[in-house]
Amino acid sequence: MTNITGRVREAFRGDQRVDADALIARLDAVRRFLTAVDGLLPDAELVPAHTLVERAGTRLALSRDHTVVALAGATGSGKSSLFNALAQLELSPVGVRRPTTGVTHACVWGPLEGANRLLDWIGVLPRHRFVRESALDADDETALHGLILLDLPDFDSVQRSHRLEVDRLLGLVDQVVWVVDPQKYADRVIHDSYLREFHRHRDVTVVVLNQADRLPPAEVPRVLDDLRRLLDTDGLTGVPLLSTTAIDPAGMVGLRGALERTVAERQAALRRLAGDVDTVVAGLDELVGSARPAGGPDDSTVDGLNRALAGAAGVPAVTEAVQQAYRHRAVAATGWPLVRGWRRLRPDPLRRLHLPGPADAGADPAESLVAATSVPDPTAAQRSALGLAIRAVADRAAVDLPAAWPGAVTAAARSRLGDLPDALDRTIAGTDLGLGRRPLWWRVVGGVQWLVTLAAVVGLGWLVLGYALRALGLPALDNPMVGQVPLPPLLLLGGLLAGLLLAALTRPVVRWAARRARARAEQRLTAKVARVGEEYVLTPVRVVLGSYAQARDALRDAARR
């Protein structure tokens, strides 16, 4: 996207119409911007935008049939004389005492009732409101019907309250007529503090060189040319520049004609608000810039976060316990039956961590959920690694964002840091570690062990019975032969040796299967921990990035004319 400020064209708009619907759409885009950045950017940076939305909504709702024009100028510029000359009444005091105008006066062309709500909003006191409508005028004032002309206090008054009032009103009126006089038209105060600040409101700005009658006729064009040069320097190229004199009706023709055109077009309020939008958008541009945000941190950064979360959650300790538990349970299920009871007396390693373990000493456990675990707390190094990983996520996600946003991204990444330990512990406790079912080969090997043990017991019993019969002088049992070997000792020795051999052959398989169980548990735990990281770290970051994208698009829409 090209720079938004570049989209805010500053061409003079005085002869162009502002579409009301398009302006409302731009204001709505500013509202969407404010909604998107709420709570993410400093409030002080957003005050002009909030003020614009509130002021524009109120101005458009009050009246579109009236045009508010303010006469603004320095002490002695003669703006009150112009005010009275335009009204053709002595409404605003004129005198040699400075400042003469201490409060704002308003003259309304047309019924006062229709303008009162607008004047209440502007803040003109009722006793300073006047109506310029008389039956004696016939149709002479019809061209100005709907005009509300304000005579503002002097902006360079020695009384600070006057300047504050001027600054307030300049933000509310639809059009400003800047009144300068031949002596102070180049004064730096009006150019640096006011005119230059109005360069985005050129289409609702008029400059008049008043008291032109005090200059020799040959000097008037030269002074106007110099004033035009100063205005161009202020960024006010193309604004109407007129010469006026309040003591001669002919000297008011140009200004009155300009006001009549303004009133007839009914565009001043829209143009003023459009200029305000331009100003606000330009001020917000550096907060948003033109970067297109990434969807979030890259895969390597996310992998680093998941490793750090796994370390803080105690995944290595849990997977080690899974491997030990698998070996413990496998040996108990496949070992020599005569020593299985002793094996089962030893505690299951997962039980020591308050993780799913045997339901009782005589059966394999069914995986159960517990409220908390006894997994060791993360070490200082693990906590530090997690903090660095979260910071890396925020830094990577905010790498292309303007300066106002990385702080918001970092705050979002850390916003749920306090909830992470409990979330990780619940995740570890609720993860199926893959030890809930007894493998088939355990049953097969266990069954074989019982068979060979039974054979040994039968062989032993046969030998004991034969010995007892011989001791009692009874006829001895016939011992079947297997080749040259009697069957009873063969059953006894063969069963014992077969059991021991089967146990020895099973041990490597158990170790291999235990490692696989550990890897499987590690994979499941890592996946669950990654979900915690997604919910508690990555999702808040993506929400901020989404808000940035919304704010960027909204500001782009607000910049469109």
Side-chain angles (χ1 to χ4, degrees), residues 300-333 343-361 364-393 416-439 442 507-538:
S300 62
T301 306
V302 174
D303 290 341
L305 172 65
N306 292 338
R307 287 193 297 270
L309 287 170
V315 170
V318 174
T319 55
E320 175 65 24
V322 167
Q323 182 174 351
Q324 294 177 2
Y326 187 96
R327 293 177 61 181
H328 173 80
R329 300 178 191 185
V331 172
R343 167 67 67 173
R344 289 197 176 104
L345 292 177
R346 298 173 58 184
D348 188 282
L350 288 180
R351 275 297 186 188
R352 293 197 296 268
L353 299 180
H354 286 178
L355 291 168
D360 54 49
D364 279 323
E367 299 292 326
S368 60
L369 300 181
V370 292
T373 73
S374 295
V375 176
D377 292 333
T379 64
Q382 288 171 332
R383 289 194 297 268
S384 177
L386 179 58
L388 291 175
I390 293 176
R391 183 58 182 264
V393 167
R416 305 191 68 181
L417 186 59
D419 299 330
L420 268 178
D422 287 342
L424 291 172
D425 199 59
R426 289 193 302 270
T427 297
I428 296 297
T431 300
D432 179 6
L433 300 176
L435 300 183
R437 292 184 179 181
R438 178 181 294 186
W442 287 11
R507 289 295 177 87
V509 178
V510 169
R511 287 194 295 269
W512 172 79
R515 289 194 295 270
R516 288 195 60 189
R518 175 175 183 165
R520 184 167 56 250
E522 183 175 12
Q523 184 178 15
R524 293 182 180 183
L525 289 169
T526 301
K528 288 295 188 69
V529 165
R531 293 181 187 176
V532 174
E534 178 72 29
E535 178 182 355
Y536 285 74
V537 180
L538 298 179

**Q.** Partners passing side-chain contact (heavy atoms from CB on, under 4.5 Å) against Ala310 (at least two apart in sequence or in another chain)
**A.**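 Val315.
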Q) Between Ala389 and Ala308, what is the shortest heavy-atom contact and its length? A)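 Scanning both residues completely, I find the closest heavy atoms to be CB-CB, 3.7 Å.
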Please tabulate, for the side chains in residues 416-423, all donor-acceptor contacts under 3.5 angstrom to protein atoms that are two or more places apart in sequence or on a different chain.
none

Q. For Arg516 and Tyr326, what are the C-alpha separation, side-chain angles and deciding distance, and is it a side chain to side chain contact (heavy atoms under 4.5 Å, CB included)?
A. CA-CA 10 Å; Arg516 288 195 60 189; Tyr326 187 96; over 6 Å; no
Q.
Checking Glu534 now: which residues fulfil side-chain hydrogen bond (donor to acceptor under 3.5 Å, both in side chains) with it, not counting sequence neighbours?
A.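 Only Arg542 meet the side-chain hydrogen bond (donor to acceptor under 3.5 Å, both in side chains) criterion with Glu534.
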Q. Given the rule in the side chain to side chain contact (heavy atoms under 4.5 Å, CB included) test, do Val393 and Val302 qualify, once you have shown the distances and angles that lead to the verdict?
A. CA-CA 7 Å; Val393 167; Val302 174; 5.7 Å; no
Q) Leu424 and Ala313: which non-hydrogen atoms are nearest, and at how many Å? A)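 Scanning both residues completely, I find the closest heavy atoms to be CB-CB, 3.9 Å.
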Q.
For the CG atom of Leu309 and the OG1 atom of Thr427, what is their distance to the nearest 0.5 Å?
A.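 Reported to 0.5 Å precision, the distance equals 10.0 Å.
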Q | Listed partners of Thr301 passing side-chain hydrogen bond (donor to acceptor under 3.5 Å, both in side chains), at least two apart | A |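 Counting only residues at least two positions away or on another chain, Thr301 forms a side-chain hydrogen bond (donor to acceptor under 3.5 Å, both in side chains) with Asp298.
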(Q) Before you tell me yes or no, could you show the steps for Val322 and Leu525 under side chain to side chain contact (heavy atoms under 4.5 Å, CB included), namely the whole-Å CA-CA distance, both residues' side-chain angles and the distance that decides it to 0.1 Å? (A) CA-CA 11 Å; Val322 167; Leu525 289 169; 5.7 Å; no
Q: Report, as yes or no, whether the 6.0 Å neighbourhood of atom CD on Gln523 holds more than 12 heavy atoms from other residues, nucleotides or ligands.
A: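 No - once you tally the heavy atoms of other residues, nucleotides and ligands closer than 6.0 Å, there are 12 at most.
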Q | Partners passing side-chain contact (heavy atoms from CB on, under 4.5 Å) against Arg515 (at least two apart in sequence or in another chain) | A |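 With sequence neighbours excluded, Arg515 shows a side-chain contact (heavy atoms from CB on, under 4.5 Å) to Gln323, Arg511, Trp512, given in chain and number order.
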Q) Are the side chain of Arg327 and the backbone of Val510 linked by a donor-acceptor contact shorter than 3.5 Å? A)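 Such a contact is absent between Arg327 side chain and Val510 backbone.
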Q. How far apart are the closest heavy atoms of Ala521 and Leu433, and which atoms are they?
A.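 Nearest heavy atoms, Ala521 then Leu433: CB-O, 3.9 Å.
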Q: Hey, could you give me the NZ/CG distance between Lys528 and Asp432, rounded to the nearest 0.5 Å?
A: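 Answer for the NZ-CG pair, Lys528 versus Asp432, is 7.5 Å.
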Q: Can you sort out the partners of Arg307 under side-chain contact (heavy atoms from CB on, under 4.5 Å), two or more places apart, ordered by chain and number?
A: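 Scan of Arg307 (side-chain contact (heavy atoms from CB on, under 4.5 Å), adjacent residues dropped) gives Asp303.
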(Q) Can you tell me how far apart OG1 (Thr319) and CD (Gln324) are? Round to the nearest 0.5 Å. (A)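 If I round to the nearest 0.5 Å, the distance is 10.0 Å.
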